[in-house]
Protein chains: 2
Amino acid sequence: MSSKKTITIRDVARAAGVSPGTVSRAINDSPLVNPDTCEHILQIVQEMGYRPNLMARRLSTGKTLAIAVIVPFFTRPSVSERLNGAVSLLTESRYDLVIHNIETTEHYENCFVKIPDRNQADGVLIISLSPAEPEAAQLADADVPIVLIDADHPALNMLHRVTVDDVEGGRQATEHLVELGHRRIGFVGDIIENPFNFGSSRDRFLGYRQVLEEAGIPFRPEYYVENQHGRQEARESAHKLLRLPQPPTAIFAASDTQAVGVLEAAMEAGLGVPGDLSIIGYDDIELADILQLTTIRQLLFESGRRGVELLLDALEDASKEPVHEVLPTELVVRSTTAPPLPNQGG
Amino acid sequence: MSSKKTITIRDVARAAGVSPGTVSRAINDSPLVNPDTCEHILQIVQEMGYRPNLMARRLSTGKTLAIAVIVPFFTRPSVSERLNGAVSLLTESRYDLVIHNIETTEHYENCFVKIPDRNQADGVLIISLSPAEPEAAQLADADVPIVLIDADHPALNMLHRVTVDDVEGGRQATEHLVELGHRRIGFVGDIIENPFNFGSSRDRFLGYRQVLEEAGIPFRPEYYVENQHGRQEARESAHKLLRLPQPPTAIFAASDTQAVGVLEAAMEAGLGVPGDLSIIGYDDIELADILQLTTIRQLLFESGRRGVELLLDALEDASKEPVHEVLPTELVVRSTTAPPLPNQGG
DNA sequence: ATGAAAGCGCTAACAG
DNA sequence: CTGTTAGCGCTTTCAT
């Protein structure tokens, strides 16, 4: 029987023989209320099963007690893992977590002005989205604290951020390959010009270019293939590479998911890994461990957690210098990389 | 410069030379407002960059415009995929999606009374949690519509639900193994008595028992191993099975994640799959495809999506008969199952 | 079609 | 320490 009349603070006050104000103080454990009275009131609250109306409280206090998280389609394991870290910390806090999923370009365009709105949320966490000029400006003068995770546009300098140095990660991956003796190294990545400005693939590619140059290995445009993010797409990209008259002896994939696609392509092409082809991924998601994939580890879960920490801090003390924290990357060698076969030399 | 004064409906009214009431009607496209006036007002709204205060609106209308989702730690790919389906539909709606993550037993105990509260959310979606007696009763007389996804307790009959027939799924998996000729079939599952009442592992086990019995294969208790959910844990479970004097020739794992653990154990034990050991999982997450794992497919994403549909319906028309929708399961044969080797016979 | 006024349920400033 | 009062910003009768 859901014939429950909504029970308000006035009802409790009446039942307890005190004023609404006192009840309010009691349930917000204000110090200025007699312990006995307080206990009595709390007792009544219990008995009546009273639960304060959140909306009223929010309107009255001017705080939404919610933090908004903006994520691009969180299907992607790396994104989901970051979100996971964020949620895990937020659960302990008194804030509600409202999710805004960005799937379409239209969402993308609206969200940076609509979400960071004082009467939508007290703070905003943006995951793996790197708004550029027009949007970045909107963010900059939003009226709530904002923390970006995994966002790298220079226009974002005045915002709190936690990132990973993807250029460095790209370097580590490529250095590993070069040190193993590879000189024909392919790159399978995302499409660099993308509506959501995922920038990580670009930066990893930058690191790759740097190391090649430092090692005196000329960059070959045909060794670079970009495609939509995804396993299937990466498989196609890899096939393109493997069909080349002089195919690479190693491939650096911009993510573990893509590395799996490359792995599949290698199998389909009858190539042994790491014998005929070395493969390195990026992220170190669980899949990488399962497949024994050599990869660059980044602290996904940790980044979400840390982002929330920064946001919570900013909520306490709004006027704080923007913090930019960069998390480390680490090469994890497993069994998909090895020196090239001698007869394939440079 | 975040020196933006909060601009209210009164400001707009003043600027437009009308009353707040009219502005309210205009922005809520009420039919009882002169088209010209309306256009004029909307114009001003644009210019001033006015955005209505959500909390005020919510308090005033008595609708939270939010739907709460309760999920147990959404690290688990199957849960995450359901959530994904839910989010994808909710994004299109005017409802906010607030996530409540259940990690601890304490959360679990509170959430069924605290969340389904009219002033917290207009509706609640509960994913992969099967509250039993005490909690089920609380849910039954909550004051908002509730939809459960992947919940199977009989006490839940009066609630909207979308489930999958896990007993049937368990049967399909076991039948497949039996038809291949296996008679020594192990089961690696979750701990059945668990605080959150995940019931899927139990039901899959039930299906397994049924088919064994129908096939005249006596159930051997030593072929059943339960452990915490997880890949590592499943690996240990599988090792237990494989160390048996007469080890199983096939193992049914209660999820794909666990099947991977079994796969690893087989490799460590030097067993060929499917030659020496057949393995079948459950869920058909992406990993299953990557690993070419034979499995039982269930419609994870779809379940989330459908759950939201039901909830949205219930929001329209509160007094509706509880709908119980059960989604199909399907055997997907890949390459981890085969007939047992002749010399290992029954 | 529009304005005036009441009120959603709570908190907070002000008396006492 | 506690009661009273005045809003928070919006929607919504009820008049006009």
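These figures come from a predicted structure and were not determined experimentally. We name chains A, B, ... by the order of the sequence lines, and we start the count at 1 in each one. Worth knowing before you read on, the calculation uses all heavy atoms, side chains too, and leaves out hydrogens, waters and symmetry mates.
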For a quick check of understanding: with a heavy-atom distance under 4.0 Å over all strands, which category does B:T61 fall into, base, sugar-phosphate or nothing?
sugar-phosphate
Under 4.0 Å from OP1 or OP2 of C:dT11: is there any side-chain N or O of A:S60 that close?
no
Has A:T22 got a side-chain N or O lying under 4.0 Å from the OP1 or OP2 atom of D:dG3?
yes
Is there a side-chain polar atom (N or O) of A:T8 under 4.0 Å from OP1 or OP2 of C:dG9?
no
Is it true that A:Q43 and A:E39 share a donor-acceptor pair across their side chains at a distance under 3.5 Å?
no
For DNA chain C, whose closest nucleotide is more 5', that of B:L32 or that of A:N28?
B:L32
The residue, A:P20 or A:P31, whose nearest nucleotide of DNA chain D is more 5′ is A:P31
On a heavy-atom basis, which atom in A:H160 and which in A:V323 lie closest, and how many Å separate them?
ND1-N, 3.1 Å
Please report the distance, rounded to the nearest Å, between CZ in B:R10 and P in D:dG7.
11 Å
How close or far is atom P of C:dA12 from atom CZ of A:R57, stated in whole angstroms?
10 Å
Value in whole Å for how far the P atom of D:dG7 lies from CG of B:L59:
17 Å
Find the distance B:I27:CD1 to D:dT11:C1' and express it as a whole number of Å.
10 Å
Roughly how many Å is it from NZ in A:K63 to P in C:dA12, rounded to a whole number?
11 Å
B:I9 has an atom CD1; how far is it from atom P of D:dC8, in whole Å?
14 Å
Could you tell me whether A:Q46 atom CD has more than 12 heavy atoms of other residues or ligands within 6.0 Å of it?
no
Verify the neighbour count for atom CD of A:E106: are there more than 12 heavy atoms of other residues, nucleotides or ligands below 6.0 Å?
no
If you measure from CG on A:L156 to OG1 on A:T163, what distance do you get to the nearest 0.5 Å?
10.5 Å
Is it the case that the side chain of B:D117 and the backbone of B:Q120 share a donor-acceptor pair, with hydrogens and angles ignored and the cut-off at 3.5 Å?
no
Taking it one step at a time, do B:E302 and B:R305 satisfy salt bridge (Lys or Arg N to Asp or Glu O under 4.0 Å)?
CA-CA 5 Å; B:E302 187 59 25; B:R305 207 167 166 92; 5.5 Å; no
Among residues 40-55 of chain B, which contact DNA chain D at a heavy-atom distance under 4.0 Å?
B:Y50, B:P52, B:N53
What is the distance from atom CG of A:L97 to atom CG of A:L89, rounded to the nearest 0.5 Å?
11.0 Å
Specify the separation, in whole Å, of atom CG of B:D11 and atom C1' of D:dC10.
13 Å
Can you tell me how far the CZ atom of B:F301 sits from the OG atom of B:S80, to the nearest 0.5 Å?
11.0 Å
Extract from the structure each pairing of a protein N or O with an N or O of nucleotides 13-16 of chain C at less than 3.5 Å, listing the distance.
unit_1: C:dA13; atom_1: N6; unit_2: A:R25; atom_2: NH1; d: 3.3

Measure from CG on A:D117 to C1' on D:dC10 and round the result to the nearest Å.
15 Å
